[in-house]
Amino acid sequence: MGTGHKDGSAGATRQLDAVVIGAGFAGLCALYKFRDVLGLEVQVYETGNGVGGTWYWNRYPGARCDSESFYYCFSFDDDLAQEWEWSGKYPEQPEIERYLNHVADRFDLRRDIQLATRVTHARFDDATNRWEVRTEHGECVSAQFLVTAVGCLSAANLPDIPGRDSFEGELCHTARWPSDGIDFTGKRVGLIGTGSTGIQAAPVIASEADHLTVFQRTPNFSVPARHAAFAPEDQAEIKKDYAEIFRLTRESPAGFPYFPIDRSTHDVSADEREEILEGLWEEGGFKFLWGGFNDLLLDPAANEIASEFVRNKIRETVKDPETAELLCPKCHPYGSKRPPIDTDYYETFNRDNVSLVDLKTTPIEEITPTGLRTSSAEYAFDVLVFATGFDAMTGSLLRIDIEGAGGVRLADSWAEGPRSFLGLQVAGFPNLFTITGPGSPSVLVNMPVAIEHHVDWIADCIQHMQREGKTRVETTASAQEAWVEHVAEVSTYSLLGRANSWYVGANIPGKPRVVAPYAGGQPLYRERCEAVVNSDYEGLEFGG
Ligand code: NAP
């Protein structure tokens, strides 16, 4: 079989069963399943110089997982789960990167992964029912299936602030951190952004830098992670129960091995409510969001009680009352922006070398060669850190020029916002599968759990096609329409769409406002996916 070469030199076009774009959690899982279980010939392309996706790129100080290690991992292989030792509850980026490298080695995945290769174009050929996939190096391959494993949060958003490129110090986005790090010792650092990333980075930068100035546009509700190292007996306990832990992650609303309590905020007395919230706060982590009262994300009054609880914690922690008030979110419900969890974030503002600037009252006007100017003051910096997030959910897909049947471009199909069937297929784009695509629960679920579900579903669909002798699969326009309507309707019941967050695309100027993830919860979503399979793939059309 011929090969299109990395340098773009001539050769017959390589014929593959599937191209997978991305070698993070999703790409590694897809390669394993498609190649080693289905027996397909698969090529993975990855932009980074190493595997890991999110955990390759996000090397900023303080980067660590905010789901607990022992279920933020693959469940598809028992031996893998039993062998791997996590150091503690919330591993730092290097440990997760090591884990994903271990997975790549353990399953001999590297031979089918081409690193340092960005896929630039993909065009569906109606005559052959195959995708023609091109890379930045001019390589071209042909594949029956195109599977995107590009991540929901991987297209970095570097806001075009006037004067940005004139800055003469070091300027860095957290998701494009230099591999040899940045030495903050003795430096004046400006940090823009107080999402999960900024909140993780601030305490670590503050502990190294001469001075840290945090520029906050919107305050965030953060809950302490309460990180702790694992003792050997913790690991043994977890491993004894692994099958049950993984089962719970598949059955719970958000992919965690626990459920919300079966009472609403108003079912209990004020004292009991306080006790429950206090217990969740003490335990720390995402339980405050996903393991608390069952009306937290549904009922604004219930949400306000939890929101005020967190505000009071901020007020108790931050010594300067003015700074504390600035850090208290008052314009969005708890959880309507993806809430961070932290280690010493609020405590950081008690340090002498940290100051907070409220961009709501004094917006940034320009970046200057020596720092930054707001409407009220000028600041000098040696380093400017942009923790400004991502063009989420759609950005990494739309940065590839994807052309479906009849030459229709994905960017045009999604001009008014993403449209999909189950977040897995897009009408007009046959043989394209989008792992954790918009319209699926994706970012509202512990990601490895959402990813494994999608990879399994896609693999089942491909096997179905193999059995039936089909070479083309495409969702119908009407199935897609019905799903898009359902996603939109479900989002109206939840408070998730209430904030200007990346969930709705509000962080990117000009992006259509659409609640991109499916807010109906994992159980309902899985039920719908299963119903499609059980109805002989109602909503999909097969051909060829
Ligand atoms: P983010 O949540 O979108 O936060 C970006 C921050 O930058 C916000 O505070 C935003 O303010 C601010 N910002 C954006 N553009 C700005 C501008 N032009 N001027 C001033 N401020 C600006 O991004 P993120 O913190 O990188 O987190 C993104 C997601 O990645 C998280 O929600 C989470 O899902 C994931 N993440 C996960 C982990 C983990 O698991 N450990 C860690 C980090 C991130 P506004 O709020 O006003 O827009």
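Note that the structure is predicted; figures quoted are calculated from it, not measured. Because only heavy atoms are used, hydrogens play no part in the values below, and waters and symmetry mates are left out as well, while side chains stay in.
Cation-pi geometry between Lys89 and Phe230 is not satisfied (NZ or CZ under 6.0 Å from the ring centre, within 45° of the ring normal). With a 6.0 Å cutoff to the six-membered ring centre and a 45° limit on the axis angle, Arg59 counts as a cation-pi contact of Tyr56.
Taking every heavy atom of both residues into account, Ile435 and Val455 meet most closely at CD1-CG2, 3.8 Å. Nearest heavy atom pair, residue Lys239 against residue Trp84, reads NZ-O, 2.9 Å. Closest heavy-atom contact between Asn350 and Thr317: ND2-O, 2.9 Å. Taking all atoms of both residues into account, the shortest heavy-atom contact from Thr362 to Ser376 is CG2-OG, 3.4 Å. Nearest heavy-atom pair, Phe74 versus Phe25, reported as atom, atom and distance to 0.1 Å: CZ-O, 3.2 Å. Nearest heavy-atom pair, Ser442 versus Met447, reported as atom, atom and distance to 0.1 Å: O-SD, 3.4 Å.
The list of salt bridge (Lys or Arg N to Asp or Glu O under 4.0 Å) pairs with a residue in residues 201-214, not counting sequence neighbours, is empty. Residue pairs meeting the ring pair (Phe, Tyr, Trp, His ring centres under 6.0 Å) criterion with at least one partner in residues 314-343, sequence neighbours excluded, are Phe221-His332, Phe221-Tyr334, Phe288-Tyr334.
Distance check, rounded to the nearest 0.5 Å: OG1 of Thr436 to NE2 of His453 gives 12.5 Å. Annotation: the span from Trp290 atom CH2 to Tyr258 atom OH amounts to 9.5 Å, rounded to 0.5 Å. Here Ser196 contributes atom OG and Leu153 contributes atom CG; the two are 9.0 Å apart, rounded to the nearest 0.5 Å.
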- Item | Glu170 and Lys187: CA distance, side-chain angles, deciding distance, salt bridge (charged side-chain N to carboxylate O under 4.0 Å, His left out) verdict | CA-CA 11 Å; Glu170 198 163 358; Lys187 305 236 170 96; 5.1 Å; no

- Task: Show your reasoning for whether salt bridge (charged side-chain N to carboxylate O under 4.0 Å, His left out) applies to Lys330 and Glu325.
- Result: CA-CA 9 Å; Lys330 298 188 183 118; Glu325 268 333 289; 2.7 Å; yes

- So Asp66 and Arg338, salt bridge (charged side-chain N to carboxylate O under 4.0 Å, His left out) or not? Walk me through it. CA-CA 12 Å; Asp66 53 15; Arg338 197 295 206 154; 2.9 Å; yes

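Between the side chains of Thr265 and Asp295, at least one donor N or O lies within less than 3.5 Å of an accepting N or O. For the 3.5 Å distance criterion, the side chains of Lys511 and Thr394 qualify, holding a donor opposite an acceptor. For the residue pair Arg315 / Asn312, a side-chain donor-acceptor distance below 3.5 Å is found, with atom types taken as modelled. Using a 3.5 Å distance cut-off with no hydrogens or angles, the side chains of Glu365 and Thr374 do not pair a donor with an acceptor. Side-chain contact check for Asp344 and Thr348: no donor-acceptor pair (N or O, by modelled atom type) lies under 3.5 Å. Judged by distance alone, the side chains of Tyr60 and Gln200 do bring a donor and an acceptor atom under 3.5 Å apart. If you check the side chains of Arg217 and Asn507, you find no donor sitting under 3.5 Å from an acceptor. Side chains of Arg250 and Ser75: a donor-acceptor N/O pair is present below 3.5 angstrom, by distance only.
Remark: aromatic rings of Phe293 and His266 are distant, center separation not under 6.0 Å. Aromatic rings from Phe107 and Phe76 are positioned such that their centres are separated by under 6.0 Å.
Note on ring orientation: taking the six-membered ring where Trp is involved, the planes of Phe215 and Tyr379 are perpendicular (angle over 60°, cut-offs 30° and 60°).
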Run the side-chain donor-acceptor check on residues 176-183: report pairs under 3.5 Å with partners two or more places apart or on a different chain.
| residue | atom | partner | partner atom | Å |
| --- | --- | --- | --- | --- |
| Arg176 | NH2 | Ser154 | O | 3.2 |
| Asp183 | OD1 | Thr185 | N | 3.0 |
| Asp183 | OD1 | Thr185 | OG1 | 2.5 |

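Arg226 places a side-chain N or O within donor-acceptor distance of the main-chain N or O of Glu282, the cut-off being under 3.5 Å. With hydrogens and angles ignored, the 3.5 Å screen pairs no side-chain donor or acceptor of Asn353 with any backbone N or O of Leu212.
The shortest side-chain heavy-atom distance between Thr434 and His454 does not fall under the 4.5 Å cut-off. Counting only heavy atoms from C-beta outward, the side chains of Phe309 and Trp281 approach each other to under 4.5 Å. Side-chain atoms of Ile21 and Ile400, non-hydrogen and from C-beta on, do get closer than 4.5 Å to each other. Residues Leu359 and Gln216 fail the side-chain proximity criterion, which asks for heavy atoms closer than 4.5 Å. Between Asp105 and Arg110 there is a side-chain heavy-atom pair separated by less than 4.5 Å. Side-chain contact between Leu248 and Phe259 is present, with heavy atoms from C-beta onward closer than 4.5 Å. You'll find the side chain of Val385 reaches within 4.5 Å of the side chain of Ile205, heavy atoms only. Between Pro369 and Phe167 the shortest side-chain heavy-atom distance does not fall below 4.5 Å.
Just one of Tyr72, Tyr71, Tyr99, Phe70 meets the ring-ring contact (aromatic ring centres under 6.0 Å, His included) condition when paired with Trp86; it is Tyr99.
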